[in-house]
K.L.:
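I am attaching a structure below and will ask some questions about it afterwards.
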Amino acid sequence: MTQETAAATTDAVLDREETISRDELEALQLSRLQHTVAYAYDRVPLYKRKFDEAGVHPADLRELSDLAKFPFTTKEDLRLEYPFGMFAVPQHEVARIHASSGTTGRATVVGYTKKDLADWAKLVARSLRASGVRPGMKVHNAYGYGLFTGGMGAHAGAEALGCTVIPISGGQTERQITLIQDFKPDAILATPTYLLTIADAMIKQGIDPASTSLKYAVLGAEPWTEEMRHELETTMNLKACDIYGLSEVMGPGVAGEAVETQDGSHIWEDHFRPEIIDAFDPTVVLGDGEPGELVFTSLTKEALPIIRYRTKDLTRLLPGTARPAHRRMGRITGRSDDMIILRGVNLFPSQIEEIALRIPELSPHFQLELTRPEGQRMDQLTVKIERRDAVTVKGATDAAKVLQQQIKIHVGSSCTVDVVEPGSLERSNGKLRRIYDLRPKA
Ligand code: DLL
């Protein structure tokens with residue numbers, strides 16, 4: 001830790017809930033949980049139906065572990081209740097609506113009361129502060145504005161913290177660079193791959209990305225690795241921290257990472273109760289430290305209380321460090337629905353990112369292409385990855401062989417590696433698509 005970050009983290013005034021003991025926190029969770037399950041049961045027909053079918057009643061929740069008796073909620077439930085069936089308050093009490101893009105089906109719609117918006121802003125502010133951002137700083141917000149929760153969620157949090165917000169949204173990379181040069185922001189909020197796009201475009205314009213005013217980056221909305229953190233921190237000369245969230249549970253700020261430890265995001269457990277379950281046998285609730293699927297129950301939400309929501313995100317719960325009462329989440333390896341099963345071996349794009357970024361000749365720009373060549377029954381994985389600018393074609397060919405071997409050793413899959421020209425792969429504008437599944441549809 002540099003002296004500057006040490007100073008930045010000690011001068012922060014924390015929320016009382018950030019410093020309470022684990023016992024106090026769990027007592028708060030229990031009373032909030034009891035209220036939330038009763039509130040959801042009374043106000044949302046779907047919860048009443050599901051609880052009744054499962055033979056559980058809100059009165060059965062006597063201790064925190066009783067939560068395991070209650071049924072899960074899934075994205076499918078939200079889709080079936082489209083648009084407003086999950087809302088627990090009359091429409092005139094809903095102050096804002098967000099929605100997922102719905103590219104893989106009907107959109108999922110979420111709503112917030114005025115109090116929900118205030119809580120959300122408070123938790124984003126808490127996350128940003130943990131990551132080094134301070135009142136009075138200028139914050140360049142490159143998360144997309146609109147129905148996506150990233151832009152407005154991060155915006156309100158930065159305002160609540162007392163920052164000067166620059167609401168640029170995603171895209172228009174040239175303009176982003178001009179504004180970073182001219183407005184001299186202290187912090188940037190973006191997806192990790194979009195920050196990479198910005199750094200890359202700066203280099204193309206002859207600007208050294210390490211020379212800007214930016215000191216902090218708060219990155220999330222997609223999986224990223226420690227190797228990517230290292231890449232961004234060294235290229236841009238800043239401290240990069242994680243922020244996690246999902247719209248069904250709130251949006252960004254469900255969890256945030258502390259800059260002084262950089263050891264994973266602390267889940268703000270005064271507002272959300274996390275569980276880890278076995279993704280293949282959801283009846284099994286796993287212990288801390290064990291990898292599985294993350295499940296959340298909201299503890300304070302009014303418009304859209306969410307009970308045991310299956311995120312599909314794969315991670316594990318770790319003890320709190322910088323905020324001892326609040327457990328951390330390990331890096332998200334991926335989403336269970338983004339898992340590639342290649343000839344029986346499970347594989348996530350983040351594993352490729354981790355391996356590729358350890359090979360100096362290769363850039364972080366890659367795509368995974370899945371094909372099934374004609375007449376063959378076996379699927380084929382091709383990793384398309386750009387070489388770094390200064391690397392020769394011969395150097396790139398050797399690096400391709402190393403990557404192929406390393407993937408075989410560490411992941412167990414055979415694949416083809418295709419090293420391509422710098423700048424030839426599509427750049428991110430927000431959440432980057434890594435997987436291109438070109439297999440014939442069954
Ligand atoms: O991505 C909310 C968000 C905006 C979080 C800005 C952080 C920053 P959704 O569009 O609903 O919401 O997507 C949620 O994105 O279930 C994860 O799979 C993934 N995700 C979000 N944050 C992280 C992260 C926003 N820090 C889905 N690391 C989640 C890994 C993340 N994956």
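These figures come from a predicted structure and were not determined experimentally. Just so you know, ligand 1 is whichever comes first in the structure, and atom 1 is the first atom listed for that ligand.
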K.L.:
I'd like to know if Glu222 pairs up with Arg434 as an ion pair, taking the criterion as any Lys NZ or Arg NE/NH1/NH2 lying under 4.0 Å from an Asp or Glu carboxylate oxygen.
P.N.:
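Salt bridge: no.
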K.L.:
Can you tell me the protein heavy atom closest to atom 22 (N) of ligand 1 and the distance?
P.N.:
Ala221 N, 3.0 Å
K.L.:
Look at atom 29 (C) of ligand 1 and say which protein heavy atom is nearest, naming residue and atom and giving the distance to 0.1 Å.
P.N.:
Asp313 OD2, 3.2 Å
K.L.:
Any luck finding a side-chain donor-acceptor pair between His155 and Glu159 under 3.5 Å?
P.N.:
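A donor-acceptor contact under 3.5 Å links the two side chains.
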K.L.:
Closest heavy-atom contact between Met250 and Thr149?
P.N.:
O-CG2, 4.0 Å
K.L.:
Looking at Gly150, which atoms of ligand 1 are within less than 4.0 Å of one of its heavy atoms?
P.N.:
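Answer, ordered by atom number: 4 (C), 6 (C).
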K.L.:
Looking at Arg22 and Glu269, is any side-chain nitrogen of the basic one under 4.0 Å from a carboxylate oxygen of the acidic one?
P.N.:
yes
K.L.:
Does either side chain, that of Glu17 or that of His271, offer a donor lying less than 3.5 Å from an acceptor on the other one?
P.N.:
no
K.L.:
Counting each atom of ligand 1 from 1 as listed, which ones have a heavy atom of Tyr143 under 4.0 Å away?
P.N.:
6 (C), 8 (C)
K.L.:
Relative to atom 12 (O) of ligand 1, which among Asp337, Leu147, Leu246, Thr191 owns the nearest non-hydrogen atom?
P.N.:
Leu246
K.L.:
Near Phe148, which atoms of ligand 1 are under 4.0 Å from a heavy atom of that residue?
P.N.:
1 (O), 4 (C), 10 (O), 25 (C)
K.L.:
Indicate the ring-plane relationship of Tyr112 and Trp120, choosing parallel, tilted or perpendicular according to the 30° and 60° boundaries.
P.N.:
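Rings of Tyr112 and Trp120: parallel, under 30°.
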K.L.:
Identify the closest protein heavy atom to atom 31 (C) of ligand 1: which residue and atom is it, and at what distance?
P.N.:
Glu222 N, 3.6 Å
K.L.:
Kindly confirm or rule out an N or O of Leu219 lying under 3.5 angstrom from an N or O of ligand 1.
P.N.:
no
K.L.:
With heavy-atom distances below 4.0 Å as the criterion, list the atoms of ligand 1 near Pro252.
P.N.:
2 (C), 3 (C), 4 (C), 5 (C), 6 (C), 7 (C), 8 (C)
K.L.:
May I ask you to identify the nearest protein heavy atom to atom 2 (C) of ligand 1, giving residue, atom name and distance to one decimal place in Å?
P.N.:
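Its nearest protein heavy-atom neighbour is Gly245 O, 3.4 Å.
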K.L.:
Please determine whether any non-hydrogen atom of Lys431 lies less than 4.0 Å from an atom of ligand 1.
P.N.:
yes
K.L.:
Below 4.0 angstrom from a heavy atom of Thr149, which ligand 1 atoms are there? Numbered from 1 as shown, please.
P.N.:
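Contacts of ligand 1 toward Thr149, numbered from 1: 2 (C), 12 (O).
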K.L.:
Identify which one of Arg129, Arg229, Arg323 satisfies the salt bridge (Lys or Arg N to Asp or Glu O under 4.0 Å) criterion when paired with Glu257.
P.N.:
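Answer after filtering Arg129, Arg229, Arg323: Arg229.
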K.L.:
Could you tell me if Thr108 and Ser100 have a donor-acceptor pair between their side chains, going purely by distance under 3.5 Å?
P.N.:
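The answer is yes; a qualifying pair exists.
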K.L.:
Is the closest heavy-atom distance from Ser100 to ligand 1 below 4.0 Å?
P.N.:
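Contact absent.
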K.L.:
Hey, what's the ring geometry for Tyr41 with Phe51, parallel, tilted or perpendicular (30° and 60° as the breaks)?
P.N.:
parallel
K.L.:
Ignoring hydrogens and angles, state whether a donor on the side chain of Thr113 or Asp116 is under 3.5 Å from an acceptor on the partner side chain.
P.N.:
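Asp116 and Thr113 do have a side-chain donor-acceptor pair below 3.5 Å.
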K.L.:
Considering non-hydrogen atoms of the protein only, which is the closest contact for atom 11 (O) of ligand 1, and what is the distance?
P.N.:
Ser247 OG, 2.7 Å
K.L.:
Near Arg335, which atoms of ligand 1 are under 4.0 Å from a heavy atom of that residue?
P.N.:
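Every atom of ligand 1 under 4.0 Å from some heavy atom of Arg335: 16 (O), 18 (O), 29 (C).
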